[in-house]
Amino acid sequence: QVQLMELGGGLVQAGGSLRLSCVPSGDIFAILDMGWYRQAPGKQRELVASISETGRTRYGDSAKGRFTIAREHANNTMRLQMNHLKVEDTAVYYCNAGLLGIVDRRNKDLEAWGQGIRVTFLS
């Protein structure tokens, strides 16, 4: 069983910064692509940023220029640095990973999701 532990989030003011972290664990042979998605109330889930095994990055339009995604290959931890936050960034953020998991003594293509971590604004 693969688990994605999400850390960070919390309360922030407009213009502030947060850093989200995602730490995979479980019967994993290799982690391929990783990414952060978010979903605001009444809206569809959207890509925030993703990063491949080789370090190629992709950003959603709303994140580009403000957010930075990175990986620590030693432990496969994925981090999302969010700067210049806006009210529109309020959402639940989900870690996603495409990976090769170990199932029945063999590798299998899997997709894992975190439970979501909330980013809200102070008032």
Side-chain angles (χ1 to χ4, degrees):
Q1 186 176 9
V2 176
Q3 186 178 56
L4 303 180
M5 182 174 64
E6 298 158 321
L7 303 171
L11 302 175
V12 69
Q13 294 181 337
S17 299
L18 285 175
R19 188 174 73 173
L20 306 182
S21 298
C22 179
V23 185
S25 63
D27 297 328
I28 301 170
F29 180 79
I31 296 180
L32 305 178
D33 296 334
M34 300 186 73
W36 284 98
Y37 293 75
R38 70 185 184 187
Q39 187 167 21
K43 297 183 178 180
Q44 295 182 340
R45 185 175 298 185
E46 63 178 358
L47 171 71
V48 179
S50 65
I51 184 167
S52 72
E53 187 178 12
T54 59
R56 289 182 287 106
T57 59
R58 178 187 175 193
Y59 293 93
D61 290 339
S62 64
K64 194 170 186 177
R66 299 188 299 130
F67 298 175
T68 303
I69 192 169
R71 287 175 71 164
E72 297 178 0
H73 294 283
N75 54 15
N76 283 310
T77 296
M78 177 180 63
R79 305 192 190 279
L80 180 70
Q81 179 66 46
M82 302 187 293
N83 298 324
H84 309 291
L85 286 164
K86 307 174 182 178
V87 174
E88 305 93 275
D89 296 316
T90 300
V92 177
Y93 287 70
Y94 297 89
C95 177
N96 172 262
L99 51 88
L100 297 177
I102 302 174
V103 181
D104 295 329
R105 299 169 57 86
R106 61 185 181 181
N107 297 336
K108 183 177 178 65
D109 289 340
L110 298 174
E111 185 179 41
W113 288 91
Q115 293 183 343
I117 187 166
R118 190 175 301 275
V119 173
T120 56
F121 274 74
L122 292 169
S123 62

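Remark: Glu72 CD is packed, more than 12 non-hydrogen atoms of other residues, nucleotides or ligands lying under 6.0 Å away. Heavy-atom neighbours of Arg118 CZ from other residues, nucleotides or ligands within 6.0 Å: at or below the threshold of 12. A 6.0 Å sphere centred on CG of Asn75 holds more than 12 heavy atoms belonging to other residues, nucleotides or ligands.
From Phe29, atom CZ reaches atom CG of Asn107 across 5.0 Å, with rounding to the nearest 0.5 Å. In this structure, CD1 on Ile28 lies 7.0 Å from CG on Asn76, to the nearest 0.5 angstrom. Distance OG/Ser50 to CE/Met34: 11.0 Å, rounded to 0.5 Å. The CZ atom of Phe67 lies 8.5 Å from the CG atom of Leu20; values are rounded to the nearest 0.5 Å. One distance of note links CD of Glu88 with CZ of Phe121; it measures 7.5 Å at 0.5 Å rounding. Within the model, atoms SG of Cys22 and CZ of Arg79 stand 10.5 Å from one another, a figure rounded to the nearest 0.5 Å.
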Does the pair Val103 and Leu110 meet the rule for a side-chain contact (heavy atoms from CB on, under 4.5 Å), with working shown? CA-CA 10 Å; Val103 181; Leu110 298 174; 4.2 Å; yes
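Checking side-chain atoms of Arg71 against main-chain N and O of Ser52 turns up a donor-acceptor pair under 3.5 Å. Proximity of a side-chain donor or acceptor of Gln3 to a complementary backbone N or O of Ser25 within less than 3.5 Å is not detected.
Closest approach of Val48 to Ala63, counting heavy atoms only: O-CB, 3.5 Å. Nearest heavy-atom pair, Met82 versus Leu85, reported as atom, atom and distance to 0.1 Å: CB-CD2, 3.8 Å. Closest approach of Ala40 to Thr90, counting heavy atoms only: CB-O, 3.6 Å. Considering every non-hydrogen atom in both Ile117 and Glu6, the closest pair reads N-OE1, 3.9 Å. Closest non-hydrogen pair, Leu99 versus Val2, comes out as CD2-CG1, 3.8 Å. Among all heavy-atom pairs drawn from Gln39 and Ala91, the shortest one is O-CB, 3.4 Å.
Taking hydrophobic clusters as Ile, Leu, Val, Met, Phe, Trp and Tyr residues chained together by side-chain heavy-atom distances below 4.5 Å, Tyr59 does not share a cluster with Tyr37. Under a hydrophobic clustering in which Ile, Leu, Val, Met, Phe, Trp and Tyr are joined whenever their side-chain heavy atoms come within less than 4.5 Å, directly or via other members, Tyr94 and Leu47 fall into the same cluster. Residues Val87 and Tyr93 fall within the same hydrophobic cluster, defined by Ile, Leu, Val, Met, Phe, Trp and Tyr side chains chained together at heavy-atom separations under 4.5 Å. Ile102 is connected to Leu100 through a chain of hydrophobic side-chain contacts under 4.5 Å among Ile, Leu, Val, Met, Phe, Trp and Tyr, so both are in one cluster. In the hydrophobic clustering of ILVMFWY residues, with side-chain heavy atoms under 4.5 Å counting as a link, Ile31 and Ile51 come out together.
Trp36 has its side chain within reach of Met78: a pair of non-hydrogen atoms, C-beta onward, lies under 4.5 Å apart.
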